[in-house]
Participant: 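Before I ask anything, let me first share the structure, which is written out below as structure tokens.
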There are 2 protein chains.
Amino acid sequence: MLADLRRPERTFTIRQLCNEFKATPRALRFYEDKGLLTPAREGLNRVYSHKDRVRLQLILRGKRVGLSLSEIRELLDLYDENDDGAAQMARSLKKFRERAAALEQQREDIDGALIELREACARLEKRLAEIRPDLLPRAADYDQVLRARLDGHQDAALGK
Amino acid sequence: MLADLRRPERTFTIRQLCNEFKATPRALRFYEDKGLLTPAREGLNRVYSHKDRVRLQLILRGKRVGLSLSEIRELLDLYDENDDGAAQMARSLKKFRERAAALEQQREDIDGALIELREACARLEKRLAEIRPDLLPRAADYDQVLRARLDGHQDAALGK
DNA sequence: GATCAAGTTGACGTTTACGTAAACGTTGAC
DNA sequence: GTCAACGTTTACGTAAACGTCAACTTGATC
């Protein structure tokens, strides 16, 4: 009687979900503001159910693939309001495909920019080699690259 | 005496540069606000010199590869303040390499997102095929892709 | 009873690159 | 003389996703 209200009945505090998913309380409240989450209350405090946790997972997944919060909300809303599961799946699929296409386009744009950049680099390297070969940057800037890899590129890379 | 003040002395109006480089007057004035351009004045009107035109080219190139205006300004400033051409070239080269590394990272992030997206799509397609094969989206969304290709992806793809 | 940790609700700040009026001056064409 | 076309300045608006206070309440603990 005490032990069996385990999984489905379990509830979560905001902090627990934040820790589990590496989010901040501010973010969860923000999602709530935007209508993405609607946790229950116990007095003032938020109480997240199992379903809320699932929704949060979906939200974060959506973010990872570069969907905007409003787009995510639309998808979530579909799953709630409508009872025809297949129709929403079709819609989600469409959304995902669109996003995939957009990302592929972005990759192309990036490739174009990289081409321009490499040309510019090549020119600079050549002229520097002629004029002041000692000034050619070396391994030092690799730090920058490595440092950059540990950071917030995810945010910058996607959706804008 | 009249004919020989051709190329180097020639000046440009804001509109001429805008037409040539497909920019808006607002943009040029904004760059000026930010200290990227400093055209002369003839009364109130801006008069762009040859050098200004070059600077504008550099600005737009920088934008194309995803540099922020402030980064571009730093580079331009170097070319002005300092008279050691080689040193600035080295700095520019460094900047460009960093940007290239960042763009490569972005591409990786995008690839990661694409993997997640494709997985999600595959799952949805599979289940839809089982349940409601008639709802599987088809060529219709190709419009979206094509439309997207004609638009502002450049902005979204880079810098943020 | 005082403090402490954790929660809450506003509400403003941040960032980027301009767009979009509003209100006005100058010049050339008719 | 007057209308259109171009120029000017100032200044607010936008969009996204929270961060960062500030000021307060609540429950637990010493």
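Just so it is clear: chains get the letters A, B, ... in the order the sequence lines come, proteins before strands, and each one is counted from 1.
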Participant: According to a strict under-4.0 Å criterion, is B/Y31 in side-chain N/O contact with OP1 or OP2 of C/dC18?
Facilitator: yes

Participant: With a non-hydrogen cut-off below 4.0 angstrom, is B/S70 in contact with a base, only sugar-phosphate, or nothing?
Facilitator: nothing

Participant: Would B/R41 and B/E32 pass as an ion pair if we require N to O under 4.0 Å?
Facilitator: yes

Participant: Scan A/K63 against the nucleic acid and name what it touches under 4.0 Å (heavy atoms): base, sugar-phosphate only, or nothing.
Facilitator: sugar-phosphate

Participant: So if I take every side-chain heavy atom of A/L69 and compare against D/dC6, C/dG7, D/dA17, which nucleotide ends up nearest?
Facilitator: D/dA17

Participant: Rounded to the nearest 0.5 Å, what's the gap from OH on A/Y31 to CZ on A/R26? Could you check?
Facilitator: 10.5 Å

Participant: To the nearest Å, how far apart are B/K22 NZ and C/dC18 P?
Facilitator: 16 Å

Participant: Using the salt bridge (Lys or Arg N to Asp or Glu O under 4.0 Å) criterion, which residues pair with A/R127? Sequence neighbours excluded.
Facilitator: none

Participant: Does the distance from a Lys or Arg side-chain N to an Asp or Glu carboxylate O, for A/R97 and B/E125, drop under 4.0 Å?
Facilitator: yes

Participant: Can you tell me how far P of C/dG19 sits from CG of B/D33, to the nearest Å?
Facilitator: 13 Å

Participant: Could you give the CD-to-C1' distance, from A/E71 to D/dA15, as a whole number of Å?
Facilitator: 13 Å

Participant: Need to verify one output field. Residue with the more 5' nearest nucleotide on DNA chain D, A/L67 or B/P25?
Facilitator: B/P25

Participant: Could you pull out the protein-nucleic contacts involving nucleotides 19-29 of chain D (nitrogen or oxygen on both sides, under 3.5 Å)?
Facilitator:
from, atom 1, to, atom 2, distance (Å)
D/dG19, OP2, A/T24, OG1, 2.9
D/dG19, N7, A/R26, NE, 3.2
D/dG19, O6, A/R26, NH2, 3.0
D/dT20, O4, A/R26, NE, 2.8

Participant: Nearest whole angstrom, please: distance from the C1' of D/dT8 to the CZ of B/F30.
Facilitator: 18 Å

Participant: Let me know the distance between OH of A/Y48 and C1' of C/dG7, rounded to the nearest Å.
Facilitator: 11 Å

Participant: What distance do A/R73 atom CZ and A/R55 atom CZ have between them, rounded to the nearest 0.5 Å?
Facilitator: 10.0 Å

Participant: Quick one: closest heavy-atom pair of A/I59 and A/I72, and the distance?
Facilitator: O-CD1, 3.5 Å

Participant: Could you give the CG-to-P distance, from A/L28 to C/dG7, as a whole number of Å?
Facilitator: 11 Å

Participant: In chain order, what residues pass the side chain to side chain donor-acceptor pair (under 3.5 Å) check against A/E74, with sequence neighbours excluded?
Facilitator: none

Participant: Separation of B/E32 atom CD from D/dG7 atom C1', in whole Å?
Facilitator: 13 Å

Participant: Classify the nucleic acid contact of A/R29 as base, sugar-phosphate or nothing, counting any heavy atom under 4.0 Å across all strands shown.
Facilitator: base

Participant: Starting from P on D/dC6, measure out to CD on B/E42 and report it in whole angstrom.
Facilitator: 18 Å

Participant: Report yes if at least one side-chain N or O of B/T13 is closer than 4.0 Å to OP1 or OP2 of D/dC6; otherwise report no.
Facilitator: no

